[in-house]
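First the structure, in the form of structure tokens, and then the observations on it.
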Amino acid sequence: MKSSVKAGTEQHRSRYQELKRMLEDRRRELQAEVQGKIRDVRAEGTWGGKVNEVLDAVESSEVDIQDEIEFALIQMKSETLNKVYDALGRLEQGDYGNCFECGEEIAEKRLRALPFAVRCKDCEEAREVAEQRQRQLAARRGTASLFLDM
Ligand SMILES: [Zn+2]
């Protein structure tokens with residue numbers, strides 16, 4: 001039986017492993033932060049498990065505004081954590097790290113900086129330019145239709 005492993009597959013595999021390691025590092029980091037913060041808050045006993053009570057209390061004291069900020073931070077971090085899980089799932093399906101527009105692999109360097117990037121640098125830049133142009137067109141149309149409606 002002939003081996004079906006090609007050079008390209010090897011390359012692909014190491015990219016997969018690199019990306020997986022990158023995402024898992026991030027996941028561990030976020031998990032530790034989220035769990036650490038929840039522990040801190042629980043230890044202080046200020047939340048009592050009821051967010052609404054905290055939100056009511058926020059209006060009456062400055063100390064609780066700190067809790068509110070902490071709460072927002074935890075929420076933000078757990079949302080990021082969900083995205084990391086999502087990315088890991090897509091990586092397993094071979095659906096992560098490729099450009100949404102052109103299908104090319106997104107550079108590993110870019111994914112390290114922006115793990116949830118869905119476009120390669122070129123497509124992202126092209127999109128920004130296109131969006132800018134569209135905004136300009138829309139602004140012009142907006143002005144024009146103001147006159148037309150009159
Ligand atoms: Zn692209």
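Note that ligands are numbered from 1 as they come in the structure, with each ligand's atoms numbered from 1 the same way. Here the structure is a predicted model, which means the values were calculated and not measured.
Hydrophobic clustering keeps L19 apart from V118 (ILVMFWY residues linked when any side-chain heavy atoms are closer than 4.5 Å, directly or through intermediates). Clustering ILVMFWY residues whenever any of their side-chain heavy atoms sit less than 4.5 angstrom apart, transitively, puts I106 in a cluster other than the one holding F100.
Within a 6.0 Å sphere centred on CZ of F116, other residues, nucleotides and ligands contribute more than 12 heavy atoms.
One distance of note links CE of M76 with CG of L30; it measures 10.0 Å at 0.5 Å rounding. Distance check, rounded to the nearest 0.5 Å: CD of E108 to CD of E18 gives 5.0 Å.
Protein atoms that are N, O or S and lie under 2.8 Å from the Zn ion (ligand 1) are these: C99 SG, C102 SG, C120 SG, C123 SG.
K83 places none of its side-chain heavy atoms less than 4.5 Å from the side chain of E79.
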